[in-house]
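As structure tokens, the structure follows; a few thoughts come after it.
Both counts, for ligands and for their atoms, begin at 1 and track the order of listing. Sequence positions, counted from 1, serve as the residue numbers for this chain.
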Amino acid sequence: MTRIRRLETETRRKIAAGEVVTRPSSVVRELVENSLDADASRVSVAVEGDGTERIWVRDDGHGMDSDDAALAVERHTTSKLSGPADVERVSTLGFRGEALPSIVAVASLELTTNDGGPRGTRVRVSDDGIETAPAGRARGTTVQVADLFYNRPARRKHLGSAKAEFARVSKLLSRYALCHPDVGFSLSHDGRETFSTPGTGWTDALLGVYDRTVAGQCTHFSFAAGSADGTETGVEGVLCYPSVTRATRDHVHVAVNGRPLADESLRRAVVAGYGSLLPSNRAPIAVVSITVPPDAVDHNVHPAKAAVAFRDEGVADRVERAVADALSTADLRRSGEVAMDLDATLEPVEGESRLADASVIGGFRDLYLLCAAGDELLVVDQHAAHERVNYERLRAAVGSVPSQAVDPPATLSVTPAEAALVESRGDELRALGYDASPFGGGTIRVSAVPAPLGRTAAPASLREVLATLDRGGERPADARDDLLKEMACHPSLKAGDALSAAAAERLLDRLGACDQPYACPHGRPTVLSIGEETLVRGFERGNTRFG
Ligand code: ADP
Ligand code: MG
């Protein structure tokens with residue numbers, strides 16, 4: 001990490017000066033760029049109200065020691081330029097040493113930072129000067145900006161509603177999140193998280209910023225081209241299929257050397273790469289990240305760094321070609337279908353037993369068993385399977401449901417109507433494995449509970465049983481069946497956690513032995529299947545090029 005230094009006059013003169021902070025979103029932009037320059041892997045932003053009240057940006061980057069922290073808030077101090085020549089080859093997002101002092105000029109700023117040492121530093125800037133003190137903090141930096149434009153009433157009047165200003169922040173941060181997919185971002189407004197990305201690549205970033213439909217229909221690409229003068233242009237990113245489009249080019253996200261830009265010529269180049277694939281008047285959703293050598297691009301042409309100038313004319317052409325190439329190799333029509341449409345790809349299993357030849361491959365999230373069965377992948381809902389097995393076993397065992405003594409007996413408080421049921425339906429309850437009797441004073445005593453399949457029902461489950469008996473009214477058979485379903489689904493009878501491999505196989509066997517293995521007692525599916533065909537299509541192995 002380079003130390004912060006004061007820029008000499010010559011360097012300062014070369015830097016495009018201008019007003020850096022014009023609204024809350026410009027504060028966020030500058031602070032987030034500092035976090036990215038500090039190699040953060042997580043950046044969290046929180047905004048209160050329209051952003052003039054308070055903004056926090058927290059990162060886990062390399063932080064600063066106490067000397068640098070105090071210097072950082074002064075004018076023309078930066079760790080990113082070592083001399084005037086560097087202005088022509090900037091590889092960081094910041095370089096002017098202006099952001100923090102510009103914020104200090106219009107707001108109150110508090111910076112807490114730690115460069116990995118035993119303790120961190122807090123810097124507060126007020127009219128009285130710069131005050132530093134030791135502070136506890138893990139490695140990284142938090143900057144809190146409050147009372148933005150307290151001394152600039154005209155600026156403040158110029159701002160939109162809280163909703164509009166926050167929308168700008170949200171749009172801005174989502175651009176950074178999309179263009180830096182390996183960094184996790186999160187944004188919250190008035191304490192509520194509005195989006196987050198995990199920092200695990202393009203698809204997950206699209207999922208965080210957009211939704212499943214968008215993230216499920218995209219293709220990644222990566223392209224490198226040299227030009228006559230030897231400069232390398234790298235173009236990579238993610239392109240959504242033409243089956244998902246938007247009305248404007250706003251969702252074409254372009255970044256140059258990590259800086260998202262609202263550059264119309266680059267956006268047009270991306271859209272041109274889609275060519276005739278797009279319906280007329282529609283624009284794609286795409287993230288295109290362009291990398292050129294630092295000296296091939298001038299970031300210093302716009303005070304807010306919203307535009308760049310390329311020293312090489314061919315960049316837009318190369319972007320268009322990269323996009324066109326990527327789309328011509330993706331089989332778009334088919335890929336559109338393969339987007340994880342749960343209805344189409346997961347079929348509930350029914351009919352004759354397909355479980356006899358199934359074997360458990362593993363589990364997913366302690367909720368699902370994954371099983372191989374011929375050319376199908378079966379997904380078994382562990383809870384639903386247990387419910388079906390419990391239900392059929394209970395049904396078979398009525399009259400001799402294994403019972404477990406409750407010692408000492410449990411006392412339940414009940415309504416007079418429930419107490420009356422315990423008395424009048426005692427035989428039915430015993431057939432189900434309960435032993436209960438009125439105890440007086442609005443209570444009953446439960447001295448035995450059902451213990452089917454090695455699991456013991458909780459005494460309180462009797463309340464639900466009574467409620468079901470009550471509902472059953474005149475038709476005892478239905479009431480009993482409802483009761484069995486209720487009991488089969490009672491949480492205390494369900495597997496809640498990880499099954500051992502042997503237990504998983506056993507569950508699958510038992511499910512296979514059921515009269516109706518493919519639905520839980522309430523009629524929901526227990527097993528879904530994904531045919532090999534779906535995977536073939538999904539992985540585009542049907543593509544003739546690969547046979
Ligand atoms: P610039 O980014 O143009 O250098 P700034 O005023 O934004 O200027 O920041 C001044 C200096 O403070 C930076 O050069 C950097 O060394 C340090 N700095 C600012 N923010 C952070 C941060 N989040 N993590 C680590 N260092 C930071
Ligand atoms: Mg900066």
Which residue in the set Asp59, Asp182, Asp60 passes side-chain hydrogen bond (donor to acceptor under 3.5 Å, both in side chains) when paired with Ser41?
Asp60
Atoms of ligand 1 close to Ala72 [distance to a heavy atom under 4.0 angstrom, numbered from 1]
10 (C), 12 (O)
Taking everything shown except Arg175 itself, do over 12 heavy atoms lie less than 6.0 Å from its CZ?
yes
Part of Ala40 within contact of ligand 1 (heavy atoms, under 4.0 Å)
neither
Which part of Ala38 is near ligand 1, with near meaning a heavy atom under 4.0 Å away: side chain, backbone, both or neither?
side chain
Below the 3.5 angstrom mark, is there an N/O of Ile4, backbone or side chain, next to an N/O of ligand 1?
no
Would you call Asp50 and Arg23 a salt bridge, taking side-chain N to carboxylate O under 4.0 Å as the test?
no
Is Ser79 in polar range of ligand 1, meaning some N or O pair under 3.5 Å apart?
yes
When you look for heavy atoms under 4.0 Å from ligand 1, do you find them on the side chain of Asp59, its backbone, both, or neither?
side chain
Could you see which bit of Thr78 sits under 4.0 Å from ligand 1, with heavy atoms only: side chain, backbone, both or neither?
both
Any non-hydrogen side-chain atom of Phe364 less than 4.5 Å from a side-chain atom of Val379?
no
Any heavy-atom pair between the side chains of Phe221 and Val288 that's under 4.5 Å?
yes
Tell me, please: is Met64 in heavy-atom contact with ligand 1, that is, under 4.0 Å?
yes
Taking only heavy atoms of Pro101 into account, list the atoms of ligand 1 that are under 4.0 Å away from them.
6 (O)
Report the part of Glu33 (side chain from C-beta onward, or backbone N, CA, C, O) that has a heavy atom under 4.0 Å from ligand 1; answer both or neither where that applies.
neither
Ligand-residue contact atoms, ligand 1 with Thr77, heavy atoms, under 4.0 Å
10 (C)
Would you check if Leu172 and Val32 make a side-chain contact, meaning some heavy-atom pair closer than 4.5 Å?
no
Flag yes if more than 12 heavy atoms outside Tyr368 fall under 6.0 Å of its OH atom; otherwise flag no.
no
Is there a side-chain contact between Val43 and His180 in this structure, where contact means two heavy atoms from C-beta onward sitting under 4.5 Å apart?
no
Sequence neighbours excluded, the answer for salt bridge (charged side-chain N to carboxylate O under 4.0 Å, His left out) partners of Arg249 is Glu264
Would you check if the Mg ion (ligand 2) lies under 2.8 Å from any N, O or S atom of Thr78?
no
For ligand 1, is there an N or O atom under 3.5 Å from any N or O atom of Leu100?
yes
